[in-house]
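Each remark here refers to the structure printed beneath this line.
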Amino acid sequence: MDEQNIYILAIESSCDDTSAAVLHNDKLLSNIVATQDVHIKYGGVVPELASRAHQQNIVPVIHQAITQANIDKKDVSAIAFTRGPGLMGSLLVGTSFAKSLSMGLGIPLIEVNHMQAHILAHFIDEENFKKPEFPFLALTISGGHTQIVKVTDHFEMEVIGQTIDDAVGEAFDKSAKILGFPYPGGPLIDKYSRTGNSKAFKFTKPKVEGLDFSFSGLKTAVLYFIQKEVKNNPNFIEKNRDDICASIQYTIVEILMDKLKKAVKQTGIKQIAIGGGVSANSGIRKALSDAESKYGWKTYVPKFEYTTDNAAMIGIVGYYKYLKGEFSDLSVSAQARYKI
Ligand code: KG4
Ligand code: ZN
């Protein structure tokens, strides 16, 4: 097939979203995501339930992606799938399905690293969105990841900082849980922060060497603070909700920005691209846009549907790997821990 006429069918199943997408070269034709509500009542993702839900979702999701793309299965040039990192049971569903499809259709199979995909999501061709120029720093922030990656080329990436405990999304969600908000509480903390005073309460920032992050201490600090205040005043949370949220968000954004500033200083790279579900956060967006005028950074935020877990980002990696002829054979296995 002509290099300029590549159709990639991509599958993502690393955590709790089942997703399939079709790309024509670097343009998106469809991106279907089935989110799994089954986890809400448990306040977090239950791995066994996630893999079962993937099994139920995968056929209709792929079918819908192909139908919406308005192509025929026979047009697909290759199948791209998430090999890792992620939950083993969830990854196995996508991996097995991708292998069977590639065998059944007699087309190449392409394994994709989920963390690389979060970064290359910036390269899906979109009107009004500029692609980052190499080299750049990628900050991937979600419920499962917190990483700073130095990106020199599409496939030349080096993790220069990452969390040593909780991910930043967990810091939001666990703090929200302490305040009695439903899961995932990150977006609610963001919402209430808008009308709160970020300096009302002070939470100490962790002291971690180098470019690594730590978020578990913040959750504990929030817990002790709330327990103490509620003892004195049972209505403390209701009375101070917005100020508490704004103060927590302010601390999280400061932690992220401190490390980013350090990374910029260390590498001399002033181009920052963010990804992952937490990049929807208004505090982070504001801090990044302020940094453009304050420090001369150039920042990139992708379209929202490419920030949360989705198959479109798996597809764009598939496209670049297809161009390089980097295919996997059928013996490839899912990997829960899979380095960039
Ligand atoms: O990328 P994502 O959809 O899923 C994975 O974690 O893989 O990210 C979800 C995370 C959750 O922790 C959620 O609370 C957080 O992103 N999140 C936010 C916001 N929107 C989503 N956290 C803070 N502010 C937001 N606006
Ligand atoms: Zn992710």
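Both counts, for ligands and for their atoms, begin at 1 and track the order of listing. These figures come from a predicted structure and were not determined experimentally.
If you number the atoms of ligand 1 from 1 as listed, the ones under 4.0 Å from a heavy atom of S142 come out as 1 (O), 5 (C), 6 (O), 7 (O), 8 (O). Ligand 1 places these atoms under 4.0 Å from at least one heavy atom of P184: 14 (O). Remark: ligand 1 atoms within the under-4.0 Å shell around heavy atoms of T308 are 1 (O), 3 (O). When each atom of ligand 1 is checked for a heavy atom of G144 under 4.0 Å away, the hits are 6 (O). Annotation for ligand 1: atoms under 4.0 Å from non-hydrogen atoms of G169 are 12 (O).
Taking 2.8 Å as the limit, the number of protein N, O or S atoms around the Zn ion (ligand 2) is 4.
The shortest N/O to N/O separation between H145 and ligand 1 does not fall below 3.5 Å. Looking at ligand 1, you won't find any N or O of E170 less than 3.5 Å from one of its N or O atoms. Between H118 and ligand 1, no pair of N/O atoms sits closer than 3.5 Å. Here's the thing with D17: none of its N/O atoms is less than 3.5 angstrom from an N/O atom of ligand 1. On a distance-only criterion, G277 and ligand 1 share at least one N/O pair closer than 3.5 Å. Note: an N/O pair closer than 3.5 Å links G143 and ligand 1 by distance alone.
Using modelled atom types, one finds a donor on one side chain and an acceptor on the other under 3.5 Å when comparing T82 with E12.
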After noting the C-alpha distance and the side-chain angles of K131 and D125, does the key distance pass the salt bridge (Lys or Arg N to Asp or Glu O under 4.0 Å) rule?
-> CA-CA 8 Å; K131 297 180 175 117; D125 190 47; 3.4 Å; yes
Test salt bridge (Lys or Arg N to Asp or Glu O under 4.0 Å) on D165 and K219 and set out the steps.
-> CA-CA 11 Å; D165 41 54; K219 161 201 70 192; over 6 Å; no
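A ring-centre distance under 6.0 Å is not found for Y322 and Y320. In summary, the aromatic rings of H122 and F129 are positioned with their centroids too far apart to meet the 6.0 Å limit. The ring of Y192 has its center closer than 6.0 angstrom to the ring center of F181. Outside the 6.0 Å centre-distance limit, the rings of F123 and F155 are not counted as a close aromatic pair.
By the 30° and 60° cut-offs, the orientation of the rings of F213 relative to F215 is parallel.
For the side chain to side chain contact (heavy atoms under 4.5 Å, CB included) test, residues two or more places apart in sequence or in another chain that qualify with I40 are D37. Scored by the side chain to side chain contact (heavy atoms under 4.5 Å, CB included) test, Y183 finds V45, D173 as partners (sequence neighbours excluded).
With a 4.0 Å cut-off on non-hydrogen atoms, V278 touches ligand 1 through its backbone as well as its side chain. Residue contacts with ligand 1, taken as heavy atom pairs separated by less than 4.0 Å, involve D190 solely via side-chain atoms from C-beta onward.
Closest to atom 11 (C) of ligand 1, if we only count protein heavy atoms, is D173 OD2, 3.4 Å. In this structure, atom 7 (O) of ligand 1 lies nearest to the protein heavy atom D309 OD2, 3.0 Å. Protein heavy atom nearest atom 24 (N) of ligand 1, with residue, atom name and distance: N281 ND2, 2.9 Å.
Under the side-chain contact (heavy atoms from CB on, under 4.5 Å) rule, I11 has a single partner from V93, I79, I314, which is I79.
Proximity of Q227 to L223: side-chain heavy atoms (C-beta onward) are separated by under 4.5 Å at one or more points.
Apart from V208 itself, the hydrophobic cluster it occupies contains I164, where clustering links Ile, Leu, Val, Met, Phe, Trp and Tyr at side-chain heavy-atom distances under 4.5 Å.
Cation-pi contact between K298 and Y300: present, with separation from the ring centre below 6.0 Å and deviation from the ring axis of at most 45°.
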